[in-house]
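Order of the sequence lines sets the chain letters (A, B, ...), proteins ahead of strands, with each chain counted from 1.
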2 protein chains.
Amino acid sequence: MATVTASERREEARAAYNAFMKGCPTNQLLIRISDKWAGLLMAALKDGPQRYSDLGRRIAGVSQKMLTQTLRTLERDGLVERTVTPSVPVRVDYALTPLGESLAVLFSAVKDWAEEHIEEVVEARERYDAGAGTS
Amino acid sequence: MATVTASERREEARAAYNAFMKGCPTNQLLIRISDKWAGLLMAALKDGPQRYSDLGRRIAGVSQKMLTQTLRTLERDGLVERTVTPSVPVRVDYALTPLGESLAVLFSAVKDWAEEHIEEVVEARERYDAGAGTS
DNA sequence: CGGGATCCTTATGGATACTG
DNA sequence: CAGTATCCATAAGGATCCCG
């Protein structure tokens, strides 16, 4: 496939031009890192390296599938480091990489915002729900 | 008596999950801002109040369903304000509230992180994918 | 113990049609 | 114009079994 590059390029260019939204790797990354379990996982890992089963016990509610899947994604993105110790019962530890820690710091900022403004949000919801049927 | 088992266990698990997150509204907020369209919408609204159809045209790719749904959620949470002007063709404007703006700022911070570290992430991925099949 | 593979349920999102 | 309602496709997530 070499003859079509022109139109294909144009499509691609248009998609890239709309970097404001989908197609943009940054946005993909944003969605990735704000994954349902990724945040909790990274928050848990801020306390230091932990074993697979420890994480599973600590998060309590995550399935091993999602635990593994999320861990794999984070590892692949260079946010988490996986260390295997080939002892008799295999031992695997997970830890935040420096990159992962820098992101975890940001999560903390969001966490702070949430804790600081959650009341306002809740109040807004109550106000909204109360006035829903009112005229 | 077997109408449950599976669903009951799931409920139980979810209860435990909620209990674990009780003092942690952070994740709810994280999930909220990581919504597929919420981020784009708030980013778009940073340029000032805009009409429903303008937003739909600007985001271009969002369905009315998701546009309305996301807008409603943001409004309910007190992040966005909805203003109806009962003219002949009804006019509805949406704008960020101060609360919404403060969150949009945080969102930008995360976005900045993503843009700043996207290369490292991509490199990490390539490294990971390259060594995946190696033994 | 750690995790791959598989099957199944549910949440999410998009297209379409209709309304005030 | 600004929605609302409905149906449908897909993806996310979870339960279970099994293996190194």
Side-chain angles (χ1 to χ4, degrees), chain A residues 21-22 27-28 31-41 49-76 80-95 132-133 135, chain B residues 2-18 21 27-28 30-32 34-41 49-76 80-95 132-133 135:
Chain A
M21 37 186 304
K22 57 188 176 182
N27 200 47
Q28 285 182 26
I31 293 177
R32 280 275 169 267
I33 62 181
S34 46
D35 176 81
K36 183 178 182 182
W37 301 108
L40 292 177
L41 225 30
Q50 282 162 78
R51 301 182 59 169
Y52 179 86
S53 51
D54 286 336
L55 287 171
R57 230 169 284 119
R58 183 140 173 214
I59 307 296
V62 65
S63 60
Q64 80 298 21
K65 177 186 174 181
M66 291 320 296
L67 181 57
T68 300
Q69 184 175 300
T70 306
L71 247 15
R72 283 282 177 283
T73 303
L74 291 175
E75 185 197 357
R76 193 173 102 101
V80 159
E81 188 184 17
R82 180 170 173 266
T83 308
V84 182
T85 305
S87 38
V88 180
V90 186
R91 178 198 175 104
V92 180
D93 288 87
Y94 289 91
S135 46
Chain B
T3 44
V4 267
T5 24
S7 55
E8 214 175 40
R9 294 190 73 180
R10 207 175 307 136
E11 245 181 286
E12 231 175 287
R14 187 179 294 179
Y17 167 76
N18 285 337
M21 309 229 312
N27 218 54
Q28 286 183 23
L30 262 180
I31 292 176
R32 191 117 303 176
S34 68
D35 178 83
K36 187 177 183 181
W37 302 109
L40 278 327
L41 226 30
Q50 282 160 78
R51 301 181 60 168
Y52 179 86
S53 52
D54 286 336
L55 287 170
R57 229 169 284 120
R58 180 141 175 213
I59 307 296
V62 66
S63 58
Q64 314 89 321
K65 178 187 175 180
M66 291 321 295
L67 181 58
T68 300
Q69 185 175 301
T70 306
L71 246 15
R72 284 281 179 283
T73 303
L74 291 175
E75 185 197 358
R76 195 174 100 101
V80 159
E81 188 184 17
R82 179 169 175 265
T83 308
V84 182
T85 306
S87 38
V88 181
V90 186
R91 177 197 176 104
V92 180
D93 288 86
Y94 288 92
S135 353

Exercise for review: Please lay out, stage by stage, how A/T73 and A/D35 fare under the test side-chain contact (heavy atoms from CB on, under 4.5 Å).
Suggested key: CA-CA 10 Å; A/T73 303; A/D35 176 81; over 6 Å; no
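- Interatomic distance, A/L55 CG to A/L40 CG, rounded to the nearest 0.5 Å: 11.0 Å.
- Nearest to the side-chain atoms of A/K36 among the listed nucleotides C/dC1, D/dG13, C/dG13 stands D/dG13.
- Put simply, CG on B/L67 is 8 Å from P on D/dG3, counting in whole angstrom units.
- Here the side chain of A/Y94 is nearest to one of C/dG2, C/dG3, C/dG14, namely C/dG3.
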Exercise for review: Apply side-chain contact (heavy atoms from CB on, under 4.5 Å) to B/M66 and B/Q69, showing your working.
Suggested key: CA-CA 5 Å; B/M66 291 321 295; B/Q69 185 175 301; 3.5 Å; yes
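- Nearest to the side chain of B/R72, among C/dG13, D/dC1, D/dT4, sits D/dT4.
- Residue B/Q64 has its side chain nearest to C/dA17 when only C/dG3, C/dA17, D/dA2 are considered.
- The separation between A/L71 atom CG and C/dG4 atom P is 10 Å, rounded to whole Å.
- Nearest to the side-chain atoms of A/S63 among the listed nucleotides C/dC1, D/dC1, D/dA15 stands D/dA15.
- Nucleotide C/dG14 holds its C1' atom 11 Å from the CD atom of B/Q69, rounded to whole Å.
- Side-chain proximity of B/V92 to D/dA2, C/dG3, C/dG14: nearest is D/dA2.
- Separation of atoms CZ (B/R82) and CZ (B/R76) is listed at 15.0 Å; rounding is to 0.5 Å.
- The phosphate of D/dG3 has OP1 or OP2 within less than 4.0 Å of a side-chain N or O from B/R82.
- In this structure, A/K65 and A/P89 both approach DNA chain C, and ranking their closest nucleotides by distance from the 5' end singles out A/P89.
- With values rounded to the nearest 0.5 angstrom, A/R91 atom CZ is found 9.0 Å from A/S53 atom OG.
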Review point. Going through the distances and angles, do A/L71 and A/Y52 end up as a side-chain contact (heavy atoms from CB on, under 4.5 Å)?
Key: CA-CA 9 Å; A/L71 247 15; A/Y52 179 86; 4.1 Å; yes
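- Distance from the side chain of A/S53 is smallest for C/dC1 among the nucleotides D/dA15, C/dG14, C/dC1.
- What separates OH of B/Y52 from P of D/dT4 is a distance of 8 Å, to the nearest Å.
- Rounded to whole Å, the distance from CG on B/D35 to C1' on C/dT12 is 10 Å.
- Dashed line: the shortest gap from a side-chain N or O of A/R51 to OP1 or OP2 of C/dC1 is not under 4.0 Å.
- Among all heavy-atom pairs drawn from A/R51 and A/D93, the shortest one is CG-OD2, 3.5 Å.
- Side-chain N/O atoms of A/T68 include none lying less than 4.0 angstrom from OP1 or OP2 on C/dG3.
- Between the CZ atom of A/R91 and the P atom of C/dG2 there is a distance of 8 Å, given to the nearest Å.
- Between the CE atom of A/M66 and the P atom of D/dT16 there is a distance of 17 Å, given to the nearest Å.
- Taking both residues in full, the closest heavy atoms of A/V62 and A/L67 are given as CG2-N, 3.7 Å, listed atom of the first, atom of the second, then distance.
- From one end of the helix from C/dC1-D/dG20 to C/dG20-D/dC1 to the other, with five pairs defining each end axis, the axis direction shifts by 40° (rounded to 10°).
- For the pair A/E75 CD and C/dG3 P, the computed distance is 9 Å after rounding to whole Å.
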